[in-house]
Amino acid sequence: MPAPRTVLLTGAAGGLGTLMRDLLPAYGYELRLLDLRPVDGEPDSIVTDLADKDAVREAVRGVDAIIHLAGISLEAPFEKILKANIEGTYHLYEAAREEGVERIVFASSNHAVGFTPRPQGDTPLDPSALIPIDTPRRPDTFYGLSKSFGEDLAQFYWDKYGLETVSVRIGSCFPEPTSVRMLSVWMSPADGARLFHAALTAENVEHTVVYGSSANTRLWWDLTTARTLGYEPQDDSEPYAEKLIAEQGDLEPDNVAHAYLGGHFVSDPPIWPY
Ligand code: NAI
Ligand code: 15L
């Protein structure tokens, strides 16, 4: 497929959407913005709920690719997750299929595999100890279940309709890591833009699932499939380590928030910090 130029960014008013609105235009993309809420300073953004099938179809018409960030981004009652993340993502895929959009980059999450025990060993972990991308999915929340569904939906739309997706199991994409867990799963915004660009432009991705993080010294998972797309992370959370560990203490085996990839999302209810 030719390199995409016009890209629909769903969830454009959110935290990650705001970061990507700043960073992605430098890669040459023209962004069409969609969110449930108006996007600050962007009067042309499409304000709609993913529940509105007709509006979603109109929003995808004519774009070369979609970065799908919209949805509930934390744990919530199942009924809300069902509407926004499960039905909403289905509406987006249907619209993309009907309008002939060839590629979606889906914001999956580490919480699709959140109940995977954190790998043990000295830092940096031996590559053989890193969690592989084909580890069995173990969602830690209804939210994580919806990301698991999204990955299956993406596989289905590739197998049945030839619509390509890169599902990015994002760790924590924020300007800075704010917990000791994030030292392992952090993705700097600049690396996030690098990864989305790679996911939009790599050839023949079919449905590829990747972990989304920076090249952290304390990494828990294997970035090989992301690198296969051409992603070359430039950042590492390590400069934040000393301060965060001094404030919060290092990872402890008895702390449930440190025992699994998903941090405190495994608790009921989930508790900050993750
Ligand atoms: P966020 O909650 O800040 O933004 C989500 C946006 O989606 C909001 O602006 C919201 O208005 C919009 N939205 C929610 N329901 C909608 C609907 N029914 N129709 C249209 N728009 C709707 O979340 P954030 O942090 O920006 O995350 C973006 C995406 O990336 C989410 O799908 C999240 O699950 C995923 N993700 C984010 C991570 C992170 O570290 N920021 C980590 C893993 C996954
Ligand atoms: C996610 O999936 C959330 O959307 C984000 O807000 C963070 O909580 C992140 O995971 C995380 O695991 O830190």
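In listed order, ligands and their atoms are each counted from 1.
Residue contact check: N110 has heavy atoms under 4.0 Å from atoms 10 (O), 11 (C), 12 (O) of ligand 2. Counting atoms of ligand 2 from 1 in the listed order, those under 4.0 Å from a heavy atom of S73 are 3 (C), 4 (O), 6 (O). When each atom of ligand 2 is checked for a heavy atom of S109 under 4.0 Å away, the hits are 1 (C), 2 (O). Of all the atoms in ligand 2, the ones that sit under 4.0 Å from a non-hydrogen atom of F265 are 8 (O).
In this comparison of G171, S109, C173, the heavy atom closest to atom 42 (C) of ligand 1 sits on G171. Counting only non-hydrogen atoms, the option in G14, A107, A59, S108 that gets closest to atom 4 (O) of ligand 1 is G14. Here the shortest heavy-atom distance to atom 5 (C) of ligand 1, taken over G150, S146, G71, G212, belongs to G71. Counting heavy atoms only, L69 comes closest to atom 32 (O) of ligand 1 of the residues L69, L74, T89, L34.
Ligand 1 does not have G88 within reach: every non-hydrogen atom of the residue lies 4.0 Å or more from it. Distances shorter than 4.0 angstrom occur between a heavy atom of R181 and an atom of ligand 2. Heavy-atom separations between G171 and ligand 2 include at least one value shorter than 4.0 Å. Under a 4.0 Å heavy-atom criterion, K147 is in contact with ligand 1.
In terms of modelled atom types and a separation under 3.5 Å, the side chain of D126 and the main chain of S128 share a donor-acceptor contact.
The aromatic ring centres of Y240 and W186 sit less than 6.0 Å apart.
Below 30°, between 30° and 60°, or above 60°: for Y157 and Y93 the angle between ring planes is between 30° and 60°, a tilted geometry. Using a 30° and 60° split on the angle between ring planes, F142 and F78 fall in the perpendicular class, above 60°. By the 30° and 60° cut-offs, the orientation of the rings of F115 relative to Y260 is perpendicular.
The distance criterion of under 3.5 Å between nitrogen or oxygen atoms is met by L36 with respect to ligand 1.
Only the backbone of T48 comes within 4.0 Å of ligand 1, judged by heavy-atom distances. Contacts of V185 with ligand 2, taken as heavy-atom pairs under 4.0 Å, are absent altogether.
Cation-pi check for R194 over Y231 is not met; the charged atom does not lie both under 6.0 angstrom from the ring centroid and within 45 degrees of its normal.
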Could you give me the CA-CA distance, side-chain angles and deciding distance for T10 and H68, then say whether side-chain hydrogen bond (donor to acceptor under 3.5 Å, both in side chains) is met? CA-CA 5 Å; T10 75; H68 179 40; 2.8 Å; yes
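Taking the side chain as every heavy atom from C-beta outward, S167 and H207 approach each other to under 4.5 Å.
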